[in-house]
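We use all heavy atoms of the structure for the numbers below, so side chains are in, but hydrogens, waters and symmetry mates are not.
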Protein chains: 2
Amino acid sequence: MSQRHTDVTVQAIEEACPLVEVLDHVSGKWSIGIIVAAAHGPIRFTELERAVSGISRRMLTLTLRRLERDGLLHRTVYPTVPPKVEYTLTDMARELHATLSALTDWAERHRSAIAAARKDYDADAAVNTA
Amino acid sequence: MSQRHTDVTVQAIEEACPLVEVLDHVSGKWSIGIIVAAAHGPIRFTELERAVSGISRRMLTLTLRRLERDGLLHRTVYPTVPPKVEYTLTDMARELHATLSALTDWAERHRSAIAAARKDYDADAAVNTA
DNA sequence: CTGGATCCAAAACGATACTG
DNA sequence: CAGTATCGTTTTGGATCCAG
C-alpha cells in the first residue's frame, strides 16, 4: 500500500480486463435486477416485468436475451396457449448471484456514507460557485 | 430454491434496489478500471490516463469527479508548478475493491464457459435463420 | 402471454483544441 | 500537468404498435 508507481500500471490494466468483461455482460441497469429476481426460482416474463420495477418491455426482452446468450439464464418455453415462458438461473449465474450479495452488503453498509459524501461535495460546489 | 412465486417478488425488488444504486455509481465503462488502477497507492492524473487503457481525457475527468463526489476517491492538489494532483481510494472504496475481486475471480472461473455459451447461442441463431 | 419492430429522445462517449 | 469547452457520434432506453 502507498508505494510509488513505476511500471506496475501495466499490471493494473491486465488485472482490470476480465472484470470489465463481466460488467459488460452484467451491466446495463437491469441485468442485476433480473438476476436477483430470478434467484429464488423459475420466474415468468410478466412476473419479471413486475418484479424489476421500472423496466420496459423492450429492455426486459433485450436484457433477457443477453443473459441467455451469456449462459446466465435458461429459457423454457411451454407451447401452450396462451404461451408461457419461464426463466431460470444457470449454476454459473447462481454463483454470480452469491458473489453479488457481497456487493449488496457493501452497498448497504455504505449507503448513507455515500449520500453524505454527495451532500458535502454539492455543498462545496455551491460555495465555490457563489 | 425452486419454490413458486406469490408475492415474494416484492421482496426481490427491495433486495435489488441498493445494488442498482451501487452499480449506477460504479458503472460506466471506466469507474472500475480507475478503482483498480488506484488500488495500490496514490496515482496522478496522467498516470491514470496511461493505466486505464483507451480512456479519453474527458471521460477520465468526468469519472474521477463522480467517484470523488460519491466519496470513493480523495483528490489532493499540490499547488506547485506544474500542477500535481493525486487520487487515492477512500477506505470505503478499498472495501469495494476487495469485494470486486470476488467478481474478478468469478469472471475468470467462468470466462470460457461464457464464451462457449455465446458460441452455442449464435450457432442456434444461425440454424433458425437458415 | 410473450415478445419482435420501429421511431425517437436522452445519455454516454470520443476527439481535440484551448487554458491556468 | 491537469484539466475545461465544444462538437459530433454512438449507445441506450422509453413509447407504441403489431403478431404468434
Is any side-chain nitrogen or oxygen of [X] closer than 4.0 Å to OP1 or OP2 of [N]?
X: B/Thr46; N: D/dA2; answer: yes
X: B/Tyr87; N: D/dG3; answer: yes
X: B/Arg75; N: D/dG3; answer: yes

Linked, directly or transitively: A/Tyr121 and B/Val85 (ILVMFWY side chains, under 4.5 Å): no

Same cluster (ILVMFWY, side-chain, under 4.5 Å), B/Leu72 and B/Val77: yes

Give the rounded distance in Å between these two atoms: [atom1] of [X] and [atom2] of [N].
X: B/Leu48; N: D/dA2; atom1: CG; atom2: P; value: 9 Å
X: B/Glu47; N: D/dA2; atom1: CD; atom2: P; value: 8 Å
X: A/Glu86; N: C/dG3; atom1: CD; atom2: C1'; value: 17 Å
X: B/Ile34; N: C/dC13; atom1: CD1; atom2: P; value: 11 Å
X: A/Lys84; N: C/dG3; atom1: NZ; atom2: P; value: 13 Å
X: B/Arg65; N: D/dA5; atom1: CZ; atom2: P; value: 11 Å
X: B/Leu60; N: D/dC1; atom1: CG; atom2: P; value: 14 Å
X: B/Glu49; N: D/dG3; atom1: CD; atom2: C1'; value: 10 Å

B/Thr63 or B/Pro83, whichever maps to the more 5' nucleotide of DNA chain C: B/Thr63

What's touching nucleotides 13-17 of chain D from the protein side, N or O pairs under 3.5 Å?
residue: D/dG13; atom: N7; partner: A/Arg58; partner atom: NH2; Å: 2.6
residue: D/dG14; atom: OP2; partner: A/Ser56; partner atom: OG; Å: 3.4
residue: D/dG14; atom: N7; partner: A/Arg58; partner atom: NE; Å: 3.2
residue: D/dG14; atom: O6; partner: A/Arg58; partner atom: NE; Å: 3.0

4.5 Å side-chain heavy-atom contact, B/Val52 and B/Val36: no

Touch class at under 4.0 angstrom, heavy-atom based, for A/Tyr78 against every strand present: nothing

For B/Ala38 against B/Leu73, the heavy-atom pair lying closest together: CB-CD2, 4.4 Å

Residue B/Phe45, side-chain heavy atoms: nucleotide from C/dG3, D/dG3, D/dC1 that is nearest: D/dG3

CA sep, side-chain torsions, deciding dist, call: A/Glu95, B/Arg109, salt bridge (Lys or Arg N to Asp or Glu O under 4.0 Å): CA-CA 11 Å; A/Glu95 276 186 49; B/Arg109 279 203 309 278; 2.9 Å; yes

Option passing side-chain contact (heavy atoms from CB on, under 4.5 Å) with A/Thr99 (candidates B/Leu100, B/Leu103, B/Asp105): B/Leu103

Distance-only polar pair, side chains of A/His74 and A/Glu86, donor-acceptor under 3.5 Å: no

